[in-house]
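Taking it in order: structure first as structure tokens, then the write-up.
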Protein chains: 2
Amino acid sequence: MTEKKELILETALRLFADEGFDTTSTSKIAREAGVSEGLIFRHFLNKEGLMDAVLDLCEVRMNPHIEAIAEEIDPRKRIQKIIDLTYTLYQEEREFWQLQFTIKWQSSYKQDHKKNAPYYQKLMKIGVDSFRELKYYEPEKELALLSLLMEGFGTMMIKTSDPTSIESSLEFIKSKY
Amino acid sequence: MTEKKELILETALRLFADEGFDTTSTSKIAREAGVSEGLIFRHFLNKEGLMDAVLDLCEVRMNPHIEAIAEEIDPRKRIQKIIDLTYTLYQEEREFWQLQFTIKWQSSYKQDHKKNAPYYQKLMKIGVDSFRELKYYEPEKELALLSLLMEGFGTMMIKTSDPTSIESSLEFIKSKY
DNA sequence: GTCTATACGGGGATAGAC
DNA sequence: GTCTATCCCCGTATAGAC
């Protein structure tokens, strides 16, 4: 991986996450990365290929967070950690995380990415198992509900800039489990 | 309002909702509406003006649904109706409703539309009041939580095509209130 | 009110020099 | 590996005829 190639990936990640895939032009990426536009196509074939490469990076960076949750033995704490995850990722890996949300609404890029991502499937499995250990009546439905909640919470974090209300919502959600 | 003008609005609504504002070209709208592209600009000045007009329509169509909820006297049933609303709107006014979600992720159109829409603010007020009547400890936070849930649920409805899991989620959410 | 024709810029992508 | 120059299409928007 050359320095310029990394620079392109980094810039593409930032712009795709903040401004969307459809609305970010390859020329803008090149300009902001300080490279020629042709180089993008040399390295990644086309704009889709660039996004694919960004998402591969994404998967690598998400994995350690999932592992950390998997190691927690107390199922109650595991659920709390899953809830915290959305918040933590937003703080520590904002661009990667935000991209997962943005991508859903970009019609020209393949859908179902997040749902099919290995890190996401691992997380879902951990969640159901935790609810089951805690003897919830319908662990699958509980996880589905929690997923909806975290989807909404993630959207809120990205779209509102008020840290107080974000943290207050987070605590309130956690108090319910 | 001439027939062609209405045709443009209708087509724009459908395409903006399904494919996004950024990714829908005025030429496509014109083609699918069976009018000349110039006519769009004649009637709506520019693409943003067209979206503004679509959103005005939106507001008009949303209002009756909100009124119907406001008339319910039992606060518990009122909450249930608020939860049902997302589902009902998706069935009956799919394009209008979907547009509210899509628009959030279209970087070139003004943000905060939904939050500022009169129909939405009315709905929020009804929600807080209902929780207060029901003696919930923190009505504002409860509504915020429910909003997150409905945001997630709305996203799910739009992005998954499995009616069974949608209805199951809806019932499960309602069972929690 | 409506259409046709057209302007102009920016989009993704390629060729070829270094 | 990297850059410059260039291609062609499609985007929004305008002018002017009917």
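The structure displayed is predicted, hence computed values, not measured ones. Chain identifiers are assigned alphabetically (A, B, ...) following the order of the sequence lines, protein sequences preceding nucleic acid strands; residue numbering begins at 1 within each chain.
Under the 6.0 Å distance and 45° angle rule, A/K104 counts as a cation-pi partner of A/F101.
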Trace of the salt bridge (charged side-chain N to carboxylate O under 4.0 Å, His left out) decision for B/D129 with B/K125: CA-CA 6 Å; B/D129 291 346; B/K125 189 175 179 328; 2.9 Å; yes
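The stretch residues 41-54 of chain A comes close to DNA chain D through A/R42, A/H43, each having a heavy atom under 4.0 Å from the strand. Scanning residues 18-37 of chain B for heavy-atom distances under 4.0 Å to DNA chain D yields B/T24, B/S25, B/T26, B/S27, B/E37.
From the 5' end on, the contacts that DNA chain C makes with chain B at under 4.0 Å to a non-hydrogen atom open and close at C/dG1 to C/dT4.
Using a 3.5 Å distance cut-off with no hydrogens or angles, the side chains of A/S27 and A/E37 do not pair a donor with an acceptor. With 3.5 Å as the limit, one finds a donor-acceptor pair spanning the side chains of A/E167 and A/Y87.
Judged by distance alone, the side chain of A/R94 and the main-chain N or O of A/L89 form no donor-acceptor pair under 3.5 Å. Remark: the backbone N or O of A/F21 is paired with a side-chain donor or acceptor of A/K47 at under 3.5 angstrom. Although no hydrogens or angles enter the test, the distance criterion places a donor-acceptor pair under 3.5 Å between the side chain of A/Q106 and the main chain of A/D22. The backbone N or O of A/N63 lies less than 3.5 Å from no partner atom in the side chain of A/K122, so there is not a single donor-acceptor pair.
Within the 4.5 Å cutoff, the side chain of A/P75 has heavy atoms near those of the A/R78 side chain. Counting only heavy atoms from C-beta outward, the side chains of A/S147 and B/M156 never approach each other to under 4.5 Å.
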